[in-house]
2 protein chains.
Amino acid sequence: MDCRTDHGRSIKRIGAAECVHCPVRERGLLGQADANGMMAIRANVDILRFPVRTRIYAEKSAGEYVYSIRSGLVKLEQQSGDGRARIVRLATPGTTLGLELLFGASYRHTALVLHSTDLCRIPVRLLRTLRDDQKELCDSVLRHMQQNIDAADFEITQLSTGTAQARIARLLLHLSADNATDARQWIMREDIAGLLGVTLETVSRTISDMKRRGLITEEQHHFVFDRPELERIANC
Amino acid sequence: MDCRTDHGRSIKRIGAAECVHCPVRERGLLGQADANGMMAIRANVDILRFPVRTRIYAEKSAGEYVYSIRSGLVKLEQQSGDGRARIVRLATPGTTLGLELLFGASYRHTALVLHSTDLCRIPVRLLRTLRDDQKELCDSVLRHMQQNIDAADFEITQLSTGTAQARIARLLLHLSADNATDARQWIMREDIAGLLGVTLETVSRTISDMKRRGLITEEQHHFVFDRPELERIANC
DNA sequence: CGGTCCTTTGAGGTTGATCAACGCGAGTGG
DNA sequence: CCACTCGCGTTGATCAACCTCAAAGGACCG
């Protein structure tokens with residue numbers, strides 16, 4: 001059965017959540033649940049697939065679900081002081097979105113899909129119930145909040161500080177665990193710009209320049225880096 | 001009895017924590033504890049007074065205390081990409097510092113006192129113990145983490161976005177609940193700069209300019225604002 | 001093959017960083 | 001009491017970084 005978001009794109013239901021088979025079980029929000037918890041999860045948590053450019057939820061809208069990312073890439077935007085959208089952070093598999101619902105009725109960000117994303121849709125109600133008799137879950141929630149804080153701090157100190165060149169170098173290094181980035185973690189110029197607080201053109205110019213200088217080789221949405229040199233630039 | 005910080009300034013112990021008399025009890029971390037909890041708190045939590053410019057803790061240093069701010073103002077710095085210190089957020093009464101210790105051994109930020117600050121020094125160990133038999137406390141911790149996240153997001157969308165003028169307008173409005181700011185919430189040019197990611201000189205120039213245009217009147221560390229006009233500027 | 005989406009590039013203007021000097025009030029010590 | 005210093009704020013000149021507006025190139029798709 002498919003369901004539809006408020007803006008009309010079709011979201012596929014993949015199945016019921018089975019933590020045992022979860023690709024991110026250790027890092028996920030509910031992975032540590034006990035047998036009783038698992039039962040409740042199977043009954044209440046669906047796995048959904050969101051295509052690129054769909055919205056998971058909107059800033060200031062009311063909601064009753066928290067989302068745990070199984071795969072894909074999501075950007076969290078918030079309206080900035082000048083009324084435009086500023087990307088506050090990227091969310092990767094293992095991250096939980098919407099935990100702010102534990103204390104308020106509405107989402108703090110607009111969550112938009114950058115790469116096709118599978119996520120577990122968890123009713124906040126379930127989270128509250130489970131928490132009452134499982135202190136491990138409370139721990140897990142805290143851990144995920146800390147993860148959000150760390151990501152926010154990273155955004156401030158690494159991605160909103162220094163020259164455009166340095167910010168880009170830091171982002172590229174951050175997005176790529178190893179020496180290359182595959183299409184999976186590719187994000188387009190506009191989103192890089194939104195994340196760094198610079199314009200799309202500046203991003204394009206800077207990356208082009210890095211390519212000319214041989215720091216970056218790009219082959220169909222796939223970067224290869226001169227990592228040491230990028231690190232040098234990142235530390236400026 | 002006084003104790004000394006690692007950098008030699010004397011920190012005064014004011015007394016044992018008595019939540020009943022706490023100026024920020026409703027907002028504080030432990031305010032909702034039950035009778036048993038109160039007893040444990042009295043025995044384990046001290047109230048300390050940190051003078052201006054003292055350090056509460058340092059980034060990456062190990063620690064075993066979480067701090068709940070009763071009064072004063074604290075800046076949280078983190079080393080930025082270029083090696084300099086970037087102010088990540090300001091912490092005001094009711095805020096809890098160092099909650100990251102619940103999951104790791106070391107602090108994420110350097111906490112520096114901007115205005116003389118009283119805080120409750122809470123052993124993380126106590127926090128863990130209390131949490132096991134009081135789910136309200138778990139809630140309280142989560143709430144405080146959410147508060148940190150909100151502050152971080154504010155820093156990104158409001159204070160690291162837009163022109164220097166707009167950022168300053170937003171900060172000034174944010175720091176002042178009402179039409180004026182008293183000396184209590186005054187912070188100096190250097191810290192405004194660190195918070196906004198601009199230079200001290202730019203802050204000075206911009207504020208001087210605002211004064212000349214009559215948007216701001218400053219009388220010994222005490223601003224009075226033309227609030228509507230500042231709000232107009234903030235939305236640019 | 002025409003259209004759409006993303007990226008690249010250019011020209012010109014603005015903003016803010018940098019370096020440097022000076023002002024000014026609050027201590028501090030002779 | 002005065003001279004000195006120190007911390008903080010202000011101001012100026014110059015230059016690099018970045019934004020804005022505009023146009024054009026390339027990839028992908030129906």
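Convention: sequence-line order gives letters A, B, ...; per-chain numbering from 1. Since the model is a prediction, treat every value here as computed from it, not as a measurement.
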Margin query: Distance to the ring centre below 6.0 angstrom and angle to the axis at most 45 degrees; does that hold for A:Arg121 and A:Tyr67?
Written below: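 Not satisfied by the 6.0 Å and 45° rule.
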Side-chain N or O of [X] less than 4.0 angstrom from OP1 or OP2 on [N]?
X        : N      : answer
A:Thr202 : D:dC18 : no
B:Thr199 : C:dG16 : no
B:Arg212 : D:dT11 : yes
A:Arg53  : C:dC6  : yes
B:Arg205 : C:dG16 : no

Whole angstrom is fine here: how far is it from [atom1] in [X] over to [atom2] in [N]?
X        : N      : atom1 : atom2 : value
A:Glu190 : C:dC5  : CD    : C1'   : 11 Å
B:Asp82  : D:dA17 : CG    : P     : 15 Å
B:Ile168 : D:dT10 : CD1   : C1'   : 14 Å
B:Met188 : D:dC8  : CE    : C1'   : 7 Å
A:Met210 : C:dT8  : CE    : C1'   : 16 Å
A:Leu200 : C:dG10 : CG    : P     : 16 Å
B:Gln165 : C:dG16 : CD    : P     : 8 Å

Using a 4.0 Å heavy-atom cut-off, does [X] contact any base of the nucleic acid, only the sugar-phosphate backbone, or nothing at all?
X        : value
B:Arg167 : nothing
A:Ile207 : nothing
A:Ser204 : base

Checklist line | A:Leu73 CG to A:Leu114 CG distance, which is reported to the nearest 0.5 Å | finding: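 Taking CG in A:Leu73 and CG in A:Leu114, the distance rounds to 5.0 Å.
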Notebook entry, point to check: Which value, rounded to the nearest 0.5 Å, describes the distance between B:Ile122 atom CD1 and B:Leu99 atom CG?
Noted result: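 Reported to 0.5 Å precision, the distance equals 8.5 Å.
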Next item on the list: From the options C:dT8, D:dA17, D:dT20, select the nucleotide whose nearest atom is closest to the side chain of A:Glu218.
Entry: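 Nucleotide nearest to A:Glu218's side chain: C:dT8.
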Next item on the list: Could you say whether B:Thr206 or B:Glu201 is positioned toward the 5' end of DNA chain C, judged by the nucleotide with the nearest heavy atom to each?
Entry: B:Thr206
Next item on the list: Could you tell me whether A:Glu155 and A:Lys75 have a side-chain N and a carboxylate O separated by less than 4.0 Å?
Entry: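 Between A:Lys75 and A:Glu155 there is no salt bridge, as every charged N stays at least 4.0 Å from the carboxylate O atoms.
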Checklist line | Flag for B:Arg227-B:Ser176: side-chain donor and acceptor within less than 3.5 Å | finding: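 On atom types as modelled, these side chains qualify, holding a pair under 3.5 Å.
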